[in-house]
2 protein chains.
Amino acid sequence: MDPGSIDSIVAERLRLVDQRYTSGRRRLVALLEDAARPETIPELLERAPGLRQSSAYRNLHVLEQVGVVHRIVTSGEHARFELAEDLVGHHHHLICTGCGRVDDFTVPAPLERSLEAALVKAVTGTGFASTSHRLDVIGTCEACQR
Amino acid sequence: MDPGSIDSIVAERLRLVDQRYTSGRRRLVALLEDAARPETIPELLERAPGLRQSSAYRNLHVLEQVGVVHRIVTSGEHARFELAEDLVGHHHHLICTGCGRVDDFTVPAPLERSLEAALVKAVTGTGFASTSHRLDVIGTCEACQR
DNA sequence: CTCAGTGCAAAGGATTTGCATGCCG
DNA sequence: CGGCATGCAAATCCTTTGCACTGAG
């Protein structure tokens, strides 16, 4: 997805709830766009001198509310943030149990389709209304294997 | 799996690290065994008058260390605890975005197998060593749909 | 007896919030 | 101008920990 369109989608979603697409929020979205993987707030702050912690929390929360940002909680450490799937595409995560690092990956489309179909079937009759799924691989990243 | 064997497995695992299978720990395991779904510490405490919060946290941590209990963190709220998969079998979760409730469910074995195979293949070459996977369905539980 | 386990209360750490001020629309 | 956004610091909330005491082996 091209960068410009992400910005306009974000702007539009914010406008719908009478929120402004301020420079601080633009900066956060840009940081997440550049990130190769979901990042914690301390990581984001380090890459963005001048960003205030409380504003980061507040704005990421707003962006999450409008469906632009997704929060991932893997363990006791900091939460991690990434752009929502409708902006960057459906994908999954490799979660390192050693250091908490989270990387993105995708599975072949055919499997993804049969998975989705099977899940819908498995949930039928439970009264649960499914909106999406989450598939993570748990393991150890290269650095933590040594 | 029959109740007695869970107890003996837990006892054995604790013994290996010179820990005792005390009444408090037995109580926690029994509570998790009875639970229909992963529960938070407040939920467990409510069902177990006399259980101390700090002991619950401490003992669940010990039980997690020895691989008997699994901790699930779905959002900012309380963590949820369940018996580990090698005691109760591989399964997945329905996560309600409305109230945070988590229910168990399983998918057909054939799909589970092709999924596992595909994941191994997808991860090959990334340097990541996978040990397991996690598949959750996100949506809204019956109560939260109204 | 000895040492792990437990209770209680206080500490810790991530995240949130109140309030006064700044700034966009 | 009016109201959302921001900074700062204090407050919250879940979870962990120190310490003294109890209990199992």
Side-chain angles (χ1 to χ4, degrees), chain A residues 7-8 10-31 38-46 48-66 68-82 99-100 102, chain B residues 7 10-31 38-46 48-66 68-82 99-102:
Chain A
D7 256 10
S8 37
V10 176
E12 172 60 16
R13 301 244 180 112
L14 286 172
R15 201 174 322 136
L16 287 176
V17 292
D18 286 301
Q19 299 265 330
R20 298 169 191 157
Y21 195 16
T22 60
S23 61
R25 292 173 184 179
R26 282 175 193 278
R27 188 126 65 120
L28 279 173
V29 170
L31 284 170
E39 292 196 331
T40 63
I41 291 211
E43 285 167 352
L44 292 171
L45 293 179
E46 192 173 344
L51 251 199
R52 298 299 147 181
Q53 188 193 51
S54 63
S55 297
Y57 276 110
R58 234 176 325 222
N59 285 328
L60 285 170
H61 183 250
V62 169
L63 292 170
E64 192 186 3
Q65 296 301 303
V66 300
V68 161
V69 158
H70 180 215
R71 170 191 304 221
I72 308 168
V73 197
T74 51
S75 82
E77 32 123 321
H78 292 260
R80 287 172 183 277
F81 298 86
E82 65 181 356
C99 62
V102 177
Chain B
D7 256 9
V10 176
E12 171 61 16
R13 300 244 181 113
L14 286 172
R15 202 176 321 137
L16 287 176
V17 292
D18 284 301
Q19 299 265 329
R20 297 170 192 158
Y21 195 15
T22 60
S23 62
R25 291 175 183 177
R26 281 175 195 280
R27 188 127 63 120
L28 280 172
V29 170
L31 284 170
E39 293 196 330
T40 63
I41 290 209
E43 286 167 353
L44 292 170
L45 293 179
E46 192 173 345
L51 249 199
R52 299 300 149 181
Q53 188 193 52
S54 62
S55 296
Y57 275 110
R58 239 183 313 230
N59 285 329
L60 285 170
H61 183 250
V62 169
L63 292 169
E64 193 187 2
Q65 296 299 304
V66 301
V68 161
V69 159
H70 181 215
R71 169 191 305 221
I72 308 168
V73 198
T74 51
S75 81
E77 33 124 318
H78 291 260
R80 286 171 183 279
F81 298 86
E82 65 182 356
C99 61
R101 167 174 160 153
V102 177

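This is a predicted model, so every value here is computed, not measured. Numbers restart at 1 for each chain; the letters A, B, ... are given by sequence-line order, proteins then strands.
- The closest side-chain heavy-atom distance from Leu63(B) to Phe81(B) is not below 4.5 Å.
- Contact annotation: His78(A) side-chain N/O to dT15(C) OP1/OP2 distance is under 4.0 Å.
- Taking atom CZ of residue Arg20(B) and atom P of nucleotide dT22(D), one finds them 16 Å apart after rounding to whole Å.
- Using a 4.5 Å heavy-atom cutoff, the side chains of Gln19(A) and Arg25(A) are in contact.
- Comparing Gln53(A) and Gly50(B) by the nucleotide of DNA chain C that holds the closest heavy atom to each, the one mapping nearer the 5' end is Gly50(B).
- Within the 4.5 Å cutoff, the side chain of Val29(B) has heavy atoms near those of the Asp7(B) side chain.
- In this entry the distance linking CG of Leu51(B) with P of dG7(C) reads 8 Å, nearest Å.
- The backbone N or O of Gly100(B) lies less than 3.5 Å from a partner atom in the side chain of Arg80(B), making a donor-acceptor pair.
- Within the 4.0 Å cut-off from OP1 or OP2 of dG5(C), not a single side-chain nitrogen or oxygen of Asn59(B) is found.
- Contact between the side-chain N/O atoms of Arg58(A) and the OP1/OP2 oxygens of dT6(D) is not found at any separation under 4.0 Å.
- Per the geometry, CD1 belonging to Ile41(A) stands 8 Å off P belonging to dT16(C), to the nearest Å.
- Counting to the nearest Å, the C1' atom of dA14(C) and the CG atom of Leu60(A) are 14 Å from each other.
- Per the geometry, OH belonging to Tyr21(B) stands 17 Å off C1' belonging to dA4(C), to the nearest Å.
- For Arg71(B), whose side chain is taken as the heavy atoms from C-beta onward, the closest listed nucleotide among dT16(D), dG25(C), dG23(D) is dT16(D).
- Residue whose closest nucleotide on DNA chain C sits further toward the 5' end, between Arg52(B) and Ala79(A): Arg52(B).
- Separating the CZ atom of Arg25(B) from the C1' atom of dG23(D) is a distance of 13 Å, rounded to the nearest angstrom.
- Remark: of the listed residues Ile41(B), Val69(B), Leu60(B), Leu60(B) is the sole one forming a side chain to side chain contact (heavy atoms under 4.5 Å, CB included) with Leu28(B).
- Taking 4.0 angstrom as the limit, Gln19(A) places a side-chain polar atom (N or O) nearer than this to OP1 or OP2 of dA5(D).
- Distances shorter than 4.0 Å separate none of the side-chain N or O atoms of Tyr57(B) from OP1 or OP2 on dT16(D).
- The shortest distance between the side-chain N/O atoms of Ser54(A) and the OP1/OP2 oxygens of dT15(C) is not below 4.0 Å.
- Following rounding to the nearest Å, Arg26(A) (CZ) and dA5(D) (C1') show an atom-to-atom distance of 14 Å.
- Remark: C1' of dT15(D) and CG of Leu44(B) are 15 Å apart, rounded to the nearest angstrom.
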